[in-house]
Amino acid sequence: MRRAVSAPWVRRAVRQSCFSSSPEVAGAASEKWDGRFRLHKPRGQHLLTNPRVLDAIARRAAIGPGDAVLEVGPGTGNLTARLLASPVSRVAAVEIDPRMVEAVTARAAALGLADKLTVIAGDAVEVEFPEFDVCVANIPYGISSPLIAKLLFSAYRFRTATLLLQKEFARRLAATPGDGEYNRLAANVRLVADVRLLMDVSKRDFVPMPRVDSSLVEIRPRAVAPLVDLGEWLAFTRACFGQKNKTLGAIFKQKRMVMQLFIRSQRAEERNGGAGAVSLGALDDGTDEDGCGKDDDDRAAGCSEEEVAAFKVRIAGALESGELAGKRPSKLSNDELLRLLRLFNERGVRFR
């Protein structure tokens with residue numbers, strides 16, 4: 001989408017060469033924020049202004065000649081200018097704030113690179129992305145998890161995503177089994193991709209300055225993903241990591257957990273093993289515990305004690321056959337988790 005340069009402040013900026021088309025000036029001088037409009041911190045609007053960091057991100061994004069680049073959250077175009085100046089074929093920038101849409105469009109026009117830019121006005125979690133080879137994003141913390149879920153578990157095919165994230169979130173995303181930070185988020189992402197921390201970015205490099213530092217991560221989708229029902233896997237990891245420091249034996253012998261799985265397994269049988277719709281939601285392991293609703297409670301009330309007891313034996317049998325009852329989820333690799341899920345399913349234990 002291309003828009004005319006209409007806002008008065010944008011026209012003034014172009015006339016005053018604030019958005020300089022000179023490569024020499026397109027560095028430090030053009031990244032200064034002059035307060036043309038108010039930035040909303042509650043919405044996660046923090047502009048990265050350090051030229052050295054911006055150059056490093058563009059360099060580490062592993063962009064090749066002719067690549068199509070997807071940029072999420074371009075802001076006023078500090079990083080966009082560098083992406084457009086690289087040997088890419090095109091850049092598609094997704095931005096929800098109309099003022100930022102105006103700014104990044106004017107920036108590209110002033111640089112003489114408007115023909116390489118398409119701006120998509122909308123919510124990055126909701127809009128359809130065009131085809132792309134590389135994704136680069138400086139995204140608000142609040143959409144980090146759903147955006148990563150969208151990139152990795154939708155039909156998009158791309159080579160790499162280079163994302164600037166809140167430092168704590170990035171550490172949990174890149175955690176490995178046995179780390180104190182290992183969690184459901186990391187397990188779900190590592191099912192289909194490899195994650196690598198690239199560099200830390202100080203909060204002082206942003207305007208306005210956020211409360212926390214950031215980290216740049218690289219996500220590379222794997223060529224071949226494991227053969228597993230995605231909805232079943234996501235529900236399974238939610239059950240495991242809701243209490244990740246307990247042993248699997250302790251997690252899966254709790255009465256409420258047994259009843260949840262009993263009801264869901266019955267429903268799966270009624271669907272003849274078919275899967276229901278998958279809701280990706282968040283990949284995080286924060287407060288999204290896998291609780292059952294009122295309908296589950298009502299249905300569970302009609303179950304016989306003998307049926308539930310027999311089902312509990314099936315759960316215990318899966319754990320014992322895999323020698324995993326004494327293990328904690330935070331210590332298990334994805335291969336071990338996938339093996340346990342298969343053992344559960346072979347005994348008719350379903351998670352959705």
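Classification of Arg90 and Asp115 as a salt-bridged pair fails, no side-chain N sitting under 4.0 Å from a carboxylate O. Under 4.0 Å is where a charged nitrogen must lie from a carboxylate oxygen, and between Arg172 and Glu181 no such pair does. Contact check on Asp200 versus Arg171 returns a salt bridge, with a Lys/Arg side-chain nitrogen under 4.0 Å from an Asp/Glu carboxylate oxygen.
Of the possible donor and acceptor atoms, none in the side chain of Ser214 sits under 3.5 Å from a partner among the backbone N and O of Lys167. Side-chain atoms of Asn334 come within 3.5 Å of backbone N or O of Ala187 as a donor-acceptor pair. At distances below 3.5 Å, not a single donor-acceptor pair connects side-chain atoms of Arg350 with backbone N or O atoms of Ala268. Counting only distance, with no hydrogens or angles, the side chain of Arg190 and the backbone of Ala174 share a donor-acceptor pair below 3.5 Å. A donor-acceptor pair is defined here as one N or O able to donate and one able to accept, closer than 3.5 Å; such a pair exists between the side chain of Arg328 and the backbone of Asn245.
Closest heavy-atom contact between Phe236 and Leu340: CZ-CD2, 3.9 Å. The two residues Asn183 and Ala175 have their closest heavy-atom pair at ND2-CB, 4.4 Å.
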Can you list the steps and then say if Val189 with Leu185 is a side chain to side chain contact (heavy atoms under 4.5 Å, CB included)?
CA-CA 6 Å; Val189 170; Leu185 168 70; 4.2 Å; yes
Assess the residue pair Phe311 and Val349 against the criterion (side chain to side chain contact (heavy atoms under 4.5 Å, CB included)); give the C-alpha distance rounded to whole Å, side-chain angles, the decisive distance to 0.1 Å, and a yes or no.
CA-CA 8 Å; Phe311 184 78; Val349 180; 3.9 Å; yes
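A single hydrophobic cluster is seen to contain both Val72 and Val125, as judged by linkage of ILVMFWY side chains at heavy-atom distances under 4.5 Å, directly or through other members.
With a 6.0 Å radius and a threshold of 12 heavy atoms from other residues, nucleotides or ligands, Arg204 has its CZ atom at or below the threshold.
A side-chain N or O of Glu307 and one of Ser304 form a donor-acceptor pair less than 3.5 Å apart. A donor and an acceptor atom, one from each side chain of Ser202 and Asp205, are nowhere located under 3.5 Å apart. Under the 3.5 Å distance criterion, with hydrogens and angles disregarded, no donor-acceptor pair is assigned to the side chains of Thr162 and Glu218.
Annotation: side chain of Val217 is in contact with side chain of Leu165 (closest heavy-atom distance under 4.5 Å).
Residues satisfying the side chain to side chain contact (heavy atoms under 4.5 Å, CB included) test with Ser89, not counting sequence neighbours, are Ala68.
Using cut-offs of 30° and 60° on the angle between ring planes, the pair Phe129 and Phe132 is perpendicular.
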